[in-house]
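Per chain, numbering begins at 1; letters A, B, ... match sequence-line order. Scope of the values below: all heavy atoms of this structure, side chains included, with no hydrogens, waters or symmetry mates.
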Protein chains: 2
Amino acid sequence: MASSVARTREIAGAARAVLEEEGAAALSMRRVAERLGMRAPSLYKHVAGKEEIEAELISDGFEESAAAFEEACAGAHDHLATLAAAYRAFALAHPHLYRLMTERPLPRALLRPGVEERAARPVIDAAGGDVDLARAAWAFAHGMVMLELNGRFPPGADLDAAWAAGVAALQERR
Amino acid sequence: MASSVARTREIAGAARAVLEEEGAAALSMRRVAERLGMRAPSLYKHVAGKEEIEAELISDGFEESAAAFEEACAGAHDHLATLAAAYRAFALAHPHLYRLMTERPLPRALLRPGVEERAARPVIDAAGGDVDLARAAWAFAHGMVMLELNGRFPPGADLDAAWAAGVAALQERR
DNA sequence: GCTTGCAGGCTAACGGTGTTAGCCGAGTCT
DNA sequence: AGACTCGGCTAACACCGTTAGCCTGCAAGC
């Protein structure tokens, strides 16, 4: 057999394309199936349901963001500021994926194991091992990104300045 | 006539009950109508669509949270810490409403005028008028709340400590 | 008091969603 | 050759937001 996981990856690939090109509202079983030249019910021969496809995308997102964070921090002086910039860049580059990864409780049972921890690692390191500070920094970055993605800041708001203010505050606690 | 806005408020009341008691997934036109002893299409005689009902709930949420923030800060010494606690308390008391208020771009055209600004005021005041710091603090609080609501912190995580770390960091910048 | 008009219910329906049941053809193994 | 399984398919269900069109009861105008 052509390895059932390979089919799952093909489906995830199609789903990723739909998500990035057409947005979260378009991420439907019928739309994903259409990309693969089939009908929606056929997807269920390879995948348990929509949630499994989403979990696959979320796992991919964790791996990609972890790789981006690791690369950004490699040899950087100012870990916290560098990581903050990388975090924001990832979210703005893949807004639909970032939303999928964060806006609902994680389907942890369906995620590829270890993927969540790997993405969290650079944040804890950048906080010098202080987990409370790491969580505060993560929350700050996540909050900034979501408020920006949702257009919640006023039109003329200087977001770079707000990021700088937050990062500076957190840095002083190290 | 019995003032069309009164009807709208009745509908908003039913929607609020559905949202708080049964969750966001249950907030459907049919479900709201059922609470009022009617069928879904009849709602359209009083309201333009689901988005208008949601906007009503969001306006209510802004007013309620603003009132809570104002009361909490009245006569408090440590404005930032007090406001952070009030922010978290509001979100945890009304998780579905808080999600509705924040997880998508605001339908500003449908909101009651001024409600957004009123809710933002106490945050800016607590930051001593520094809008960049205020935005950073808002992002931190929003991020903490959403990560908590989504169960993203590890089971044993000391969230009070993380809140304290973030608030302490932001306070030093005042 | 009769008539007109309309506010505010209703049912039926459309196109969309995730999902299930059941059918069937092609390829593979015995 | 026969059986079995893989992986497509159509039809359908229950739900979603929304629209069209019908009908009833009440209120205002003459």
Decide, yes or no, whether a salt bridge links [X] with [Y] under the criterion of side-chain N to carboxylate O below 4.0 Å.
{"X": "B:E56", "Y": "B:R16", "result": "no"}
{"X": "A:R30", "Y": "A:E34", "result": "no"}
{"X": "B:E63", "Y": "B:R112", "result": "yes"}
{"X": "B:R104", "Y": "B:E51", "result": "no"}
{"X": "B:R118", "Y": "B:E70", "result": "yes"}

**Prompt:** So, A:E20 versus A:H94: side-chain donor-acceptor pair below 3.5 Å or not?
**Reply:**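 Side chains of A:E20 and A:H94: pair found under 3.5 Å.
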**Request:** Would you kindly give the OH-to-P distance between B:Y44 and C:dA12, to the nearest whole Å?
**Result:**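 B:Y44 atom OH is separated from C:dA12 atom P by 18 Å.
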**Asked** Can you tell me how far C1' of C:dG16 sits from CD of A:E34, to the nearest Å?
**Response**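 Taking CD of A:E34 and C1' of C:dG16, I get 13 Å after rounding.
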**Message:** Tell me the closest heavy-atom pair linking A:L100 and A:I58, and the distance in Å.
**Reply:**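 Shortest heavy-atom contact: O-CD1, 3.7 Å.
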Pairwise N/O distances under 3.5 Å, protein to nucleotides 25-28 of chain C:
none

**Message:** Applying side-chain contact (heavy atoms from CB on, under 4.5 Å) to B:V123 and B:L83, what does each step give before you reach the verdict?
**Reply:** CA-CA 7 Å; B:V123 181; B:L83 183 58; 3.9 Å; yes
**Request:** Let me have a per-nucleotide readout for nucleotides 8-16 of chain D, 5' to 3', with B, S or -, counting only protein heavy atoms under 4.0 Å.
**Result:** BBBBB---B
